[in-house]
Amino acid sequence: MREALTQCDRVVVKVGTSSLIHESGRVNLQTIDRLAYALTAMNNAGREVVLVTSGAIGVGLAAQHLTERPQAIAEQQALAAIGQSSLMRLYGERFSDYGAAIAQLLLTHDVFDFPESRQHVLDTITQLLAQHVIPIINENDSVATDELDHKTTFGDNDQLSALVATSIDADLLIVLSDIAGLYDQNPRRHPDAALIPVVAGPAALGQVHASGAGSRFGTGGMVTKLNAARTMMAAGKQMVLCSGADPKILLQVLAGQPVGTWFEAKEGQS
């Protein structure tokens with residue numbers, strides 16, 4: 001049992017676009033509903049919860065009945081604006097069903113680069129948490145075009161979630177993904193790939209990177225997830241990478257059950 005995870009009081013959860021959008025391009029309403037349920041359950045149990053969400057452009061594509069992402073940055077920005085509005089409407093409906101209050105924050109890198117704006121954001125998040133409101137954070141894709149231009153500033157928000165988690169002194173970051181955790185080889189290419197249940201501290205994570213695990217999974221976003229884990233570990237914090245197919249897995253993580261890959265803060269903690 002992962003006892004240390006049961007003691008986490010302030011938790012950041014990151015959900016990726018692949019968890020929110022079906023392969024058909026339509027919005028995965030079941031995932032959003034179960035995510036709202038799990039986060040509300042965590043909040044009701046006394047934990048402070050922050051959600052970092054991707055998916056604005058994906059939801060925008062669905063709202064506009066488009067099947068392909070446009071190439072023009074301005075068109076992507078417009079879709080992000082449309083999708084963000086629709087995404088928050090969906091979150092608002094589902095969280096309201098479970099009696100939870102939410103708030104939206106759209107961030108860009110410069111917010112964290114400048115001490116004054118950074119402090120304003122942190123003060124806002126702190127006050128929301130004190131009022132038992134769940135902040136929902138996304139990158140402001142209509143303003144920040146780096147990620148749209150495939151420079152992946154925040155790596156589909158993996159780095160944003162780690163930055164938020166370390167900035168607010170969260171105990172744990174849980175990354176919900178389209179993969180069940182870190183494997184010893186690419187499970188999409190190797191059916192015998194084995195899940196790595198624990199990465200015990202920064203030294204072990206360094207070995208994972210050196211072995212090439214990050215580059216093998218680069219196209220699937222594993223490199224940015226390992227970078228997020230590295231950011232958390234550098235701050236003495238923990239991260240769990242697990243499947244976002246059913247967000248109720250969050251409750252299993254916080255119960256200390258062995259799901260996904262646990263990136264421990266220190267060697268030998270388990």
Side-chain angles (χ1 to χ4, degrees), residues 8-17 35 39 42-43 47-57 73 76-77 80-81 83-85 87-88 91-92 95 100-177 202 205 221 223-241 263 265:
C8 295
D9 294 321
R10 179 172 285 188
V11 182
V12 173
V13 174
K14 185 264 177 177
V15 62
T17 301
L35 181 61
L39 294 178
M42 292 160 59
N43 198 35
R47 287 188 167 92
E48 295 179 325
V49 184
V50 176
L51 174 63
V52 175
T53 182
S54 298
I57 290 180
I73 295 298
Q76 293 183 39
Q77 289 175 296
Q84 184 65 29
S85 175
L87 182 59
M88 286 306 298
Y91 278 136
F95 277 96
I102 62 172
Q104 174 183 251
L105 288 168
L106 297 178
L107 304 179
T108 55
H109 244 306
D110 60 341
V111 169
F112 289 97
D113 291 339
F114 293 94
E116 186 173 353
S117 58
R118 173 191 173 94
Q119 191 58 51
H120 287 326
V121 167
L122 297 182
D123 288 344
T124 299
I125 294 174
T126 299
Q127 188 55 227
L128 290 171
L129 294 176
Q131 296 180 26
H132 308 290
V133 176
I134 299 175
I136 298 181
I137 298 173
N138 196 359
E139 182 170 14
N140 191 344
D141 286 332
S142 294
V143 175
T145 61
D146 287 340
E147 183 170 324
L148 300 181
D149 203 24
H150 310 294
K151 296 178 182 177
T152 58
T153 303
F154 282 132
D156 195 33
N157 286 344
D158 291 324
Q159 276 299 307
L160 174 60
S161 64
L163 183 57
V164 169
T166 53
S167 296
I168 68 171
D169 197 29
D171 304 304
L172 172 66
L173 168 62
I174 305 175
V175 176
L176 298 177
S177 179
L205 180 60
V223 168
T224 61
K225 290 169 179 55
L226 292 178
N227 286 339
R230 190 169 293 108
T231 297
M232 294 299 293
M233 285 182 172
K237 307 297 183 179
Q238 309 171 80
M239 182 180 117
V240 171
L241 171 63
F263 296 86

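Note that the coordinates shown come from a computational prediction; the quantities given were computed from them, not determined experimentally.
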* Asked: Do you know the tightest heavy-atom contact between Gln238 and Cys8?
  -> NE2-SG, 3.7 Å
* Check against side chain to side chain contact (heavy atoms under 4.5 Å, CB included), Gln159 and Leu163 -> CA-CA 6 Å; Gln159 276 299 307; Leu163 183 57; 6.0 Å; no
* Asked: Can you tell me how far the CG atom of Asn43 sits from the CZ atom of Phe95, to the nearest 0.5 Å?
  -> 9.0 Å
* Asked: Taking it one step at a time, do Leu39 and Ile102 satisfy side chain to side chain contact (heavy atoms under 4.5 Å, CB included)?
  -> CA-CA 11 Å; Leu39 294 178; Ile102 62 172; over 6 Å; no
* Name all residues meeting the salt bridge (Lys or Arg N to Asp or Glu O under 4.0 Å) criterion together with Asp169; count only those two or more places apart in sequence or in a different chain, and write none if there are none. => Lys237
* Counting distance only, does the side-chain N/O of Ser117 pair as donor-acceptor with the main-chain N or O of Val111 below 3.5 Å? -> yes
* **Closest approach of Ala80 to Ala56 (non-hydrogen atoms, all atoms of both residues)** => O-CB, 3.7 Å
* About how many Å separate CD1 of Ile174 and OG of Ser161, when rounded to the nearest 0.5 Å? -> 11.0 Å
* Drop me the distance from Asn138's CG to Tyr91's OH, to the nearest 0.5 angstrom. => 8.5 Å
* Just by modelled atom types, is the Gly16 backbone N or O under 3.5 Å from a matching donor or acceptor in the Asn157 side chain? -> no
* To do: Let me see the working for Leu160 and Val164 under side chain to side chain contact (heavy atoms under 4.5 Å, CB included), right down to the final yes or no.
  => CA-CA 6 Å; Leu160 174 60; Val164 169; 4.0 Å; yes
* **Separation of Phe112 CZ from Leu107 CG (nearest 0.5 Å)** => 5.0 Å
* To do: Supply the atom-to-atom distance Leu105 CG to Asn140 CG, rounded to the nearest 0.5 angstrom.
  => 11.0 Å
* How about Gln131: does its CD atom have over 12 heavy atoms from other parts shown lying under 6.0 Å from it? -> yes
* Structure fact -> Of Leu173, Leu128, Ile168, the one forming a side chain to side chain contact (heavy atoms under 4.5 Å, CB included) with Val50 is Ile168
* What closest approach, in Å, do Ala170 and Val12 show between heavy atoms, and which atom pair accounts for it? -> CB-CG2, 3.9 Å
* Pair Ile137-Ile125, side chain to side chain contact (heavy atoms under 4.5 Å, CB included): steps then yes or no -> CA-CA 10 Å; Ile137 298 173; Ile125 294 174; 3.9 Å; yes
* **Short side-chain to backbone donor-acceptor contact, Thr231 and Asn227, under 3.5 Å** => yes
* Structure fact -> The single option from Leu87, Thr17, Val15 that satisfies side chain to side chain contact (heavy atoms under 4.5 Å, CB included) with Ser54 is Thr17
* Asked: Do Asp123 and Gln119 get their side chains close enough for a donor-acceptor pair, meaning under 3.5 Å?
  -> yes
* **Ala165 to Met232 - nearest heavy-atom pair and separation** => CB-SD, 3.6 Å
* To the nearest 0.5 Å, how far apart are CD in Glu48 and NE2 in His132? -> 8.5 Å
